[in-house]
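Letters go in sequence order (proteins before strands), and every chain restarts at 1.
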Amino acid sequence: MNNEQYLEVYRHSLSHILAKAVIEIFGAENVQYAIGPQISDGFYYDFLLPRTITEDDFPAIENKMREILKRREDWKRDEVSKEEALELFKGQKYKTEIIEELEDGETISIYHTGDDFVDLCRGPHVNNSQELMGAAFKIRQASGAYWRGDEKRDMLQRIYVYAFPNQQELKAHLAFIKEALERDHKKIGTQLDLFMFSDTAPGMPYWLPRGWKLYNALMKFSRDLQDRHGYQEISAPLINYKKLWVISGHWAHYQNNMFLVPGTDWTPNADDMMAAKPMNCPNAMMTYKRTNHSYKELPIRYSEMDVIHRKEKSGQMNGLFRVQEFRQDDDHTFVSEDLIESEVADIISIADTIYSAFGLTYRAELSTRPDDFMGDIEVWNKAESILKEILNKRYGEGNYEINEGDGAFYGPKIDLQIRDALGREWQCGTIQLDFQLPHNFELTYTDKDGSMKEPIVIHRALYGSFERFIGIIIEHLKGRFPFWLNPYQVAIVPIRTEHNDYAKEIEEALTDAGIRVEADYQDKHMNEKLKFFRNMMDPYVLVVGDKERENRTVSVTVRGVKTQLHDVPLDRFIEICKKQNKERNLELISEI
RNA sequence: GCUGAUGUAGCUCAGUCGGUAGAGCACUUCAUUGGUAAUGAAGAGGUUCAUGAGUUCGAUUCUCAUCAUCAGCUCCA
């Protein structure tokens, strides 16, 4: 049995033990037990219980589980008919629902654990509880979860349990969780003074001086790349009259997520009602539509970094990961069908450049035509096959996932899932074909033969949103940003105030070279100044005193390196900085 | 929106079994002229413990509501 099967059997079996323990604690007549699948770090089980489980209940449940294991009960598999199963699980509404959905005549497998507990299950399981005694488990938390993941149905109590084959692996996992907590972007964001929130504007970050420098560096990176790839940046209104949203379809389908701005008479639904844009697309369509276009102009790439607003239900916000006001590195590229392939390939090459600059890897997913698709099925088929071809070329056949029927109603899409230092995946990049909006806005171009054609729009974002992406890289890099990105790139510590003049000279020279630099000219101990800059994780901290001033050198403390570099010529240091800004290296140069 | 928890000085947190709050860091002043992660001493800082009601002689501490945040669920960039 390999490790994966082992985990499956053990976690699966342990979830039955959890259910049995909960039933013994609360009494069989008081517990409705639903399902208990395994997950990446253990398993959970959903229950309907007479009262809420709290952390104080965990030890009792864990102890009961251990007590049950010690009984060394045999596990017995049985096969029963649908009727027998319904009888066996009489009074258990969730089990009954599951059984009723099975085909008539299907044999149903059930597992007995000892004489007094039975659960519906495909298995496989251990033969005797004894086999589970070496396994390590720990209740993680209890929380609410909807039956069948449907918010209109019962809210059950889900008990999450970490489960591993042995104590060492459990310990290692708990250490991993702790590490993730230390990397929490909300925590590091406060420490590094990057951003804050106010309850007067939930989910709308304030970017503080340091954070805004980083944000700008990130925008610059994107703009530099896009310039090289023939993009033209535009900026458009943040609020538009209802009229625009009616054309785009947002008024009908997205109104609940839009911040509305009442007109003069405050009448809901009045024509002078405005709405803050939740997406940039409609205004990009308007921009295209302002004039006639020839096939010779295509592709037209309108990139856009405006702020957008999306109203979220309470409880959906989460630091920078989920906000109500954010900025996308958005673009709408207008193409003819024959340009899709080269254009998408180019976008993927930009994605490679961006993600590798942060040391992030990613994988691609293709989502294809859904049942409620709009447009011409021939165009869909063609587009999908083009996208597949690109993905095959770039990643190799079978090296990307295909989500059949998961595309948007307006076109197929490629999503890029990035993977961070802790192995967590995030959906950031997305490349979507759209046959619908150009149609709604009646966009055209004149083709070679003089006929009017409808362009296809490629929507794409690679950071996704700057806010979410910054959150991800804070956690991925633990706040240790590469040189080109850090809010301040160099900090200067004059040892005594008499060294301030030389320090100012250095500051000016670095600033001239396009380096973001900060210095502390106060009359206080150098250690105090050092401490601040190091806490802020500035990549290089320069210490200057008599010796440096005399020789026109600097002493460099490299972030993350214990020993200092002395007698570094100032000019040499500036060159190193310029080089790193230009090349956007991920790692700091620590040998100068 | 749902389940649960949390909300005390700029930050991290302690505390009051109901009698008008405390520590460390940060901040200010003075002394220290200092060579690589916390020099010493003194001081200030909370419209009084998210907001609003209620119970009480009295509430930061109890009850309810609201807001915000966090962990899940659902939905999403």
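- Applying the 3.5 Å distance criterion, the base of rC73(B) shares no donor-acceptor pair with the side chain of Arg153(A).
- Within the 4.0 angstrom heavy-atom criterion, only backbone atoms of the sugar-phosphate kind lie near Arg158(A); the bases stay farther away.
- Looking at heavy-atom distances under 4.0 Å, Tyr463(A) makes no contact with the nucleic acid at all.
- Looking at heavy-atom distances under 4.0 Å, His566(A) makes contact with a base.
- Between Cys428(A) and Thr190(A), the one whose closest nucleotide on RNA chain B sits nearer the 5' end is Thr190(A).
- Here Asn318(A) lies in heavy-atom contact (under 4.0 Å) with sugar-phosphate atoms only.
- Side-chain atoms of Glu528(A) stay outside donor-acceptor range of the base of rG34(B), with no qualifying N/O pair under 3.5 Å.
- Base engagement by Asn535(A) is indicated by at least one non-hydrogen atom pair under 4.0 Å involving a base atom.
- Within the 4.0 angstrom heavy-atom criterion, no nucleotide atom of any strand lies near Thr54(A).
- For rA37(B), the OP1/OP2 oxygens have a side-chain nitrogen or oxygen of Arg534(A) closer than 4.0 Å.
- In this model, the phosphate group of rC25(B) is not approached by any side-chain N or O of Lys531(A) to a distance below 4.0 Å at OP1 or OP2.
- Taking the six-membered ring where the residue is Trp, the centroids of Tyr488(A) and Phe533(A) are separated by 6.0 Å or more.
- Asn283(A) and Asn240(A) share a side-chain donor-acceptor pair at under 3.5 Å.
- Between Tyr146(A) and rG72(B) there is no side-chain N or O to OP1 or OP2 distance below 4.0 Å.
- Pair check for rU16(B) finds none; no Watson-Crick or G-U wobble contact set falls under 3.5 Å.
- Residue whose closest nucleotide on RNA chain B sits further toward the 5' end, between Glu151(A) and Lys547(A): Lys547(A).
- Between His12(A) and Phe43(A), the distance separating the two ring centers is not shorter than 6.0 angstrom.
- Aromatic ring centres of His459(A) and Tyr410(A) lie closer together than 6.0 Å.
- The shortest distance between the side-chain N/O atoms of Thr557(A) and the OP1/OP2 oxygens of rU36(B) is not below 4.0 Å.
- One donor-acceptor pair, N or O on each side, does fall under 3.5 Å between the base of rA77(B) and the side chain of Glu312(A).
- Evaluation of atom-type donor-acceptor distances gives a pair under 3.5 Å for the side chain of Arg322(A) against the base of rC75(B).
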